[in-house]
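Read through the structure below, which is laid out as structure tokens, and then see the notes.
Positions are given from 1, in the same order as the sequence printed here. Since the model is a prediction, treat every value here as computed from it, not as a measurement.
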Amino acid sequence: YLDSECYHVVLADATGTKSLLTHRFDHIFFTGSVPVAKSILQAAAPHLTPVTLELGGKSPVYIDETACCKMAVKRILWSKCINIGQTCVAPDYIICNERVQEAFIRYTKEIFAEWILLGGKSDEKDLWIEPTFIGNVKRDDILMDGEIFGPILAFVTVNSCDEAIDFINSIERPLALYIFSKDDNVSNNIMERTFSGGVCINDTVFQVIDYRLPFGGTGQSGMEPGCLIDVSFNQFSNESRTVFAMIIFMKLDLLLEL
């Protein structure tokens with residue numbers, strides 16, 4: 001429940017939202033796509049209004065041969081299928097070698113056989129599409145232009161961890177980075193040489209579940225962490241300092257004696 005005297009809700013299309021943003025606000029919080037976020041920043045600039053952006057980006061999943069097991073695949077598929085892939089931290093593409101890709105697909109068939117009893121196709125009228133894998137995706141493929149935000153999982157094959165790092169760094173910084181490996185050296189190497197809003201190793205999504213941690217992006221995946229509890233409260237607060245100084249009053253004649 002929100003008290004309408006404290007919280008006003010305005011439902012508007014793009015035109016109405018642009019008109020709303022011409023007014024002065026203390027803070028603007030936006031979650032959505034990068035193109036709209038740029039428009040939000042432009043609208044906030046005349047009033048120097050602080051802005052928090054929670055965007056997304058292409059969150060990669062790196063899998064090496066030490067960690068490609070049925071449990072790892074199940075965790076990745078689970079997070080990809082949440083809300084039909086429409087979450088800001090959903091795995092966007094898998095980056096691995098060809099052997100891992102083959103194993104991943106094999107495990108997926110087993111898992112979907114357990115999860116899905118009937119259906120699993122698509123229905124245009126109901127805006128439904130089954131989880132779909134697309135292989136042999138290249139850097140200049142249209143799937144790599146922006147966040148997929150749906151049940152489509154692209155596969156990028158590489159021959160080494162270094163090649164995976166170069167590919168990840170060729171794309172704008174993601175909101176999340178997932179690493180599946182039993183080798184700590186591999187995980188540390190990827191974390192040290194890439195940038196992302198958050199990292200989860202050998203699992204997915206759990207980096208946003210711990211409410212003690214701030215959550216936000218970097219670069220085109222977001223600006224200013226502020227989606228969890230006290231961090232969110234502080235984002236919408238104007239922290240200021242107040243100093244009380246002690247003044248000692250003395251009589252004039254006493255000062256003259258000193």
Side-chain angles (χ1 to χ4, degrees), residues 56-83 85 87-116 131-139 141 143-144 147-210 213 215 217-218 221:
K58 302 189 69 61
S59 298
V61 182
Y62 175 77
I63 314 173
D64 70 11
E65 293 188 60
T66 68
C68 187
C69 61
K70 188 173 181 179
M71 179 57 70
V73 174
K74 184 175 288 188
R75 290 175 176 177
I76 295 168
L77 293 177
W78 170 77
S79 60
K80 183 62 176 179
C81 291
I82 296 175
N83 198 35
T87 63
C88 60
V89 291
D92 194 273
Y93 64 96
I94 305 291
I95 186 164
C96 60
N97 63 35
E98 292 184 357
R99 291 184 296 276
V100 169
Q101 176 180 286
E102 292 172 0
F104 192 102
I105 294 173
R106 184 175 66 254
Y107 287 131
T108 296
K109 291 178 179 179
E110 296 177 11
I111 294 167
F112 278 172
E114 299 170 1
W115 286 358
I116 303 174
T132 303
F133 294 171
I134 298 179
N136 197 32
V137 175
K138 306 300 182 183
R139 176 63 186 88
D141 194 290
L143 283 175
M144 304 311 295
E147 184 178 4
I148 294 176
F149 208 69
I152 297 174
L153 194 58
F155 277 82
V156 177
T157 55
V158 295
N159 297 314
S160 67
C161 179
D162 288 338
E163 191 176 338
I165 291 172
D166 289 340
F167 189 94
I168 293 170
N169 288 334
S170 72
I171 301 174
E172 293 291 343
R173 298 175 180 181
L175 184 58
L177 168 63
Y178 303 114
I179 304 168
F180 283 80
S181 176
K182 294 181 180 179
D183 189 338
D184 291 342
N185 292 325
V186 170
S187 300
N188 291 333
N189 187 28
I190 295 174
M191 286 191 293
E192 290 174 359
R193 295 170 58 192
T194 60
F195 295 90
S196 61
V199 179
C200 188
I201 299 174
N202 294 328
D203 213 325
T204 55
V205 178
F206 275 86
Q207 77 276 12
V208 305
I209 294 178
D210 191 334
L213 301 176
F215 170 62
T218 175
S221 62

For [X], I'd like to know if atom [atom1] has over 12 heavy atoms of other residues, nucleotides or ligands within 6.0 Å.
X	atom1	answer
Phe195	CZ	no
Arg193	CZ	yes
Phe206	CZ	no
Glu110	CD	yes
Met71	CE	no

Answer yes or no: is there a side-chain heavy-atom contact under 4.5 Å between [X] and [Y]?
X	Y	result
Phe180	Val100	no
Phe167	Pro60	no
Pro131	Cys81	yes
Tyr93	Ile148	no
Tyr178	Ile63	no
Ile165	Tyr62	no
Gln207	Val89	yes
Ile94	Ile76	yes

When rounded to the nearest 0.5 angstrom, what distance separates [atom1] in [X] from [atom2] in [Y]?
X	Y	atom1	atom2	value
Thr108	Leu77	OG1	CG	4.5 Å
Phe155	Ile95	CZ	CD1	12.0 Å
Asn202	Thr66	CG	OG1	7.5 Å

Any donor-acceptor pair under 3.5 Å linking the side chain of [X] with the backbone of [Y]?
X	Y	answer
Arg99	Glu65	no
Asp92	Leu153	no
Lys70	Tyr107	no
Lys58	Leu143	yes
Ser160	Glu163	yes
Thr204	Arg75	yes

[X] to [Y] - nearest heavy-atom pair and separation:
X	Y	value
Cys88	Ser59	O-OG, 4.2 Å
Gly85	Ala90	O-CB, 3.8 Å
Ala154	Val137	CB-CG2, 3.8 Å
Ala67	Lys182	CB-N, 4.2 Å

(request) Establish, from distance only, whether the side-chain atoms of Asp183 and Ser181 form a donor-acceptor pair under 3.5 Å. (result)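 No.
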
(request) Apply side-chain contact (heavy atoms from CB on, under 4.5 Å) to the pair Leu175 and Glu147, showing each step before the final yes or no. (result) CA-CA 11 Å; Leu175 184 58; Glu147 184 178 4; over 6 Å; no

(message) Run the side-chain contact (heavy atoms from CB on, under 4.5 Å) test on Ile190 and Cys161 for me, step by step, so that the C-alpha distance in whole Å, both residues' side-chain angles and the decisive distance to 0.1 Å come before the verdict.
(response) CA-CA 8 Å; Ile190 295 174; Cys161 179; 3.6 Å; yes

(request) Just jot down the salt bridge (charged side-chain N to carboxylate O under 4.0 Å, His left out) partners of Arg173, sequence neighbours excluded, or say none. (result)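 Listed in chain order: nothing, the list is empty.
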
(request) List in chain and number order the residues that pass salt bridge (charged side-chain N to carboxylate O under 4.0 Å, His left out) with Arg106, two or more places apart in sequence or in another chain; answer none if no residue qualifies. (result)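 None.
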
(request) Using the side-chain contact (heavy atoms from CB on, under 4.5 Å) rule, take Asn136 and Lys138 through it: C-alpha gap first, then chi angles, then the decisive distance, then the call. (result) CA-CA 6 Å; Asn136 197 32; Lys138 306 300 182 183; 3.2 Å; yes

